[in-house]
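The shown structure was predicted, so the numbers you read here are calculated from the model rather than taken from an experiment.
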Amino acid sequence: MAGLPMSTDPHLDPHDAPVEGTLGEYARALLRRWLLIVAIAAAVVLATVAISLMLTPKYRATTTLQIEREAMKVLDMKDLIPSESPMDRDFYQTQYELLMSRSLARRVIAKTGLADHPAYREEVEALTKKLDGKAAPSRRVLIERALTEQVLASLQIEPVRNSRLVKVHFESPDPALSARVANTYASEFIASGLERRLQASSFATDYLSDRLAQLRQRLEDSEKNFVEFAGQEKIVSVGEDRPSLPAQNLAELNALLATAQDARIKSEAAWRQARYGSGLALPQVVSNPLIQSLMQTRAQLSAEYQQKLSTFKPDYPDMLRLNRQLGEVGQQINFHVANIRESIKAEYDAASAQEQMLENRIEQLKGAELDLQDRSIRYNMLKREVDTNRQLYDGMLQRFKEIGVGGNVGANNISVVDPADVPGRPSSPRWAFNLALAAIFGLFAGVLAALLLHVARVPRRPRP
């Protein structure tokens, strides 16, 4: 310490040879100047009290709203309970911004008549002087718009964490006005939401009505073109899943052709058998009782002729009679056998002709079916166009009816949980908070002033 210069300040204690920058030195300096610190703190507190007394007391009223993600859908039972969505944060942030929108503030101003309230008299009078040349309705609108910023400055939106609740605070010098504005904010917010829903429903109804008229006209035109084309091309519809008339006839004729071919094959085989030989072995001849009787008679006559031939000569009158009878019976047998052959031949010819006719008809139907299929390309295109237009029209009509019914329900996803009550005491100025803050700031200012005075009077050590 011998090398340190001694202070020449008469106010400093020579026994307190200061060591610059030590905590002990600062503490002692603060203790020596405690009156200064207290005086500065008291001055700040008194100034705060004076300023608070000069401020106009304001009263804050609070309305609590419940905002659901979606409105309850009365027409759909499964949607009676709103479901959570990953877009909830965006949805609720949108609702908060709508609460603080200028349009809602203007609705509240007009609804509560703030332009005529004494709390805003000075602002209204100043605006009235500026807008003296305007018409009364226009001046009223401009004044309400000018009050918007002031109303929004007095509005506070406070979402409640982990809930669907939001608190709407409003401050004003009049407690009754604060409660009225807060409640009006809630009611106008609900009303504006309903109006937006009704406007959306009305827009959708008008749009769907126009679209329905267009689709109805399109459906009528397509049906008209379809019917005209079907009439021109002679196309008859027999059902959605049923074949055309030529196709049905073709299937039936194919079955008849198979039967005719079977009959023709059988008759052809019978004719080939009957065509060659005597024909006495034919089944028709064997089963014919007349021919069998004639053959039996011929056998008897032949036996009698052979028996008498041993006694009489062939030119004997009885022998000639028997021979003549044998010839007549033989002619009758040949006549009946020939008739049977002719019937077999006629049956074969008829079967062949029927087969040929069926084949010709089938070829005609094939051509008609192919021609119908070719003409049905345009027919099916027109039919699909009709079906598509009918589906679009039916779907649009169903949607139009649903919107018409749902738009009249008036469902709302916002409700008032707690309406605002008239506050009993002002919310500002906050005396306890202001005095505590003034005391802390005053003490800090006093300490800082004391330290600055001390540092200014402490001698500096010489530099080596």
Review point. Could you go step by step and tell me if Glu328 and Gln332 meet the side-chain hydrogen bond (donor to acceptor under 3.5 Å, both in side chains) rule?
Key: CA-CA 6 Å; Glu328 292 176 356; Gln332 291 181 4; 5.8 Å; no
Point to revise | Test log, rule side-chain hydrogen bond (donor to acceptor under 3.5 Å, both in side chains), inputs Asp210 and Gln214 | key: CA-CA 6 Å; Asp210 295 338; Gln214 297 174 5; over 6 Å; no
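For the pair Leu177/Leu114, a side-chain contact is recorded, criterion being any heavy-atom separation below 4.5 Å from C-beta on. Put simply, the side chain of Thr63 does not reach to within 4.5 Å of the side chain of Tyr185, judged on heavy atoms. In this structure the side chain of Glu68 reaches within 4.5 angstrom of the side chain of Arg164, judged on heavy atoms. Annotation: side chain of Leu65 is in contact with side chain of Val416 (closest heavy-atom distance under 4.5 Å). Annotation: side chain of Ile157 is in contact with side chain of Val168 (closest heavy-atom distance under 4.5 Å). Counting only heavy atoms from C-beta outward, the side chains of Glu359 and Gln356 approach each other to under 4.5 Å. Contact annotation: the side chain of Val108 approaches that of Val181 to within less than 4.5 Å [non-hydrogen atoms, C-beta and beyond].
Residues satisfying the side chain to side chain contact (heavy atoms under 4.5 Å, CB included) criterion with Arg384, sequence neighbours excluded, are Asn380, Met381. In terms of the side chain to side chain contact (heavy atoms under 4.5 Å, CB included) criterion, residue partners of Leu290 (sequence neighbours excluded) are, by chain and number, Asn288, Leu294, His336. Lys111 is linked by a side chain to side chain contact (heavy atoms under 4.5 Å, CB included) to Thr184, Glu188, counting only residues two or more places apart in sequence or in another chain.
Counting all heavy atoms, side chain and backbone alike, Leu215 lies closest to Leu392 at CD1-O, 3.8 Å. Smallest separation of non-hydrogen atoms from Ile190 and Ser415: CD1-CA, 4.3 Å. In this structure, Ser178 and Glu171 approach most closely via the heavy-atom pair OG-C, 3.9 Å. In terms of heavy atoms, Val151 sits closest to Phe170 at O-CE1, 3.6 Å. Counting all heavy atoms, side chain and backbone alike, Ile67 lies closest to Tyr92 at O-OH, 2.9 Å. Of all non-hydrogen atoms in Arg107 and Ser192, the two that sit nearest each other are NH2-N, 3.9 Å.
Open room surrounds CD on Glu347; 12 or fewer heavy atoms of other groups in view lie less than 6.0 Å from it. Around the CE atom of Met100, the shell of radius 6.0 Å holds more than 12 heavy atoms that belong to other residues, nucleotides or ligands. Annotation for Phe335: atom CZ does not count as buried by contact number, only 12 or fewer foreign heavy atoms lying within 6.0 Å.
Going from atom OG1 of Thr259 over to atom CG of Asp262 covers 7.0 Å, rounded to the nearest 0.5 Å. Atom CZ of residue Phe441 and atom CD1 of residue Ile40 lie 10.0 Å apart, to the nearest 0.5 angstrom. Ser187 contributes atom OG, which lies 11.5 Å from atom CZ of Arg180 (distance to the nearest 0.5 angstrom). Annotation: the span from Gln217 atom CD to Ser222 atom OG amounts to 10.0 Å, rounded to 0.5 Å. How far CG of Leu147 is from CG of Leu152: 11.0 Å, rounded to the nearest 0.5 Å. To the nearest 0.5 Å, atoms CD1 (Ile109) and CG (Leu104) are separated by 10.0 Å.
Panel note: side chain Arg218, backbone Asn389; no donor-acceptor pair is recorded below 3.5 Å. The closest donor-acceptor contact from the side chain of Asn225 to the backbone of Asp221 lies under 3.5 Å. Looking at Ser293, its side chain never comes within 3.5 Å of a backbone N or O of Pro289 through a donor-acceptor pair.
Using modelled atom types and a 3.5 Å distance limit, the side chains of Asp387 and Gln391 yield no donor-acceptor pair. Between the side chains of Gln296 and Gln292, no donor N or O sits under 3.5 Å from an acceptor N or O.
Salt-bridge annotation for Arg390 and Asp394: absent, with no side-chain N of the basic residue lying under 4.0 Å from a carboxylate O of the acidic one.
Screening His169, Glu158, Gln156 against Thr62 for a side-chain hydrogen bond (donor to acceptor under 3.5 Å, both in side chains) leaves a single residue, His169.
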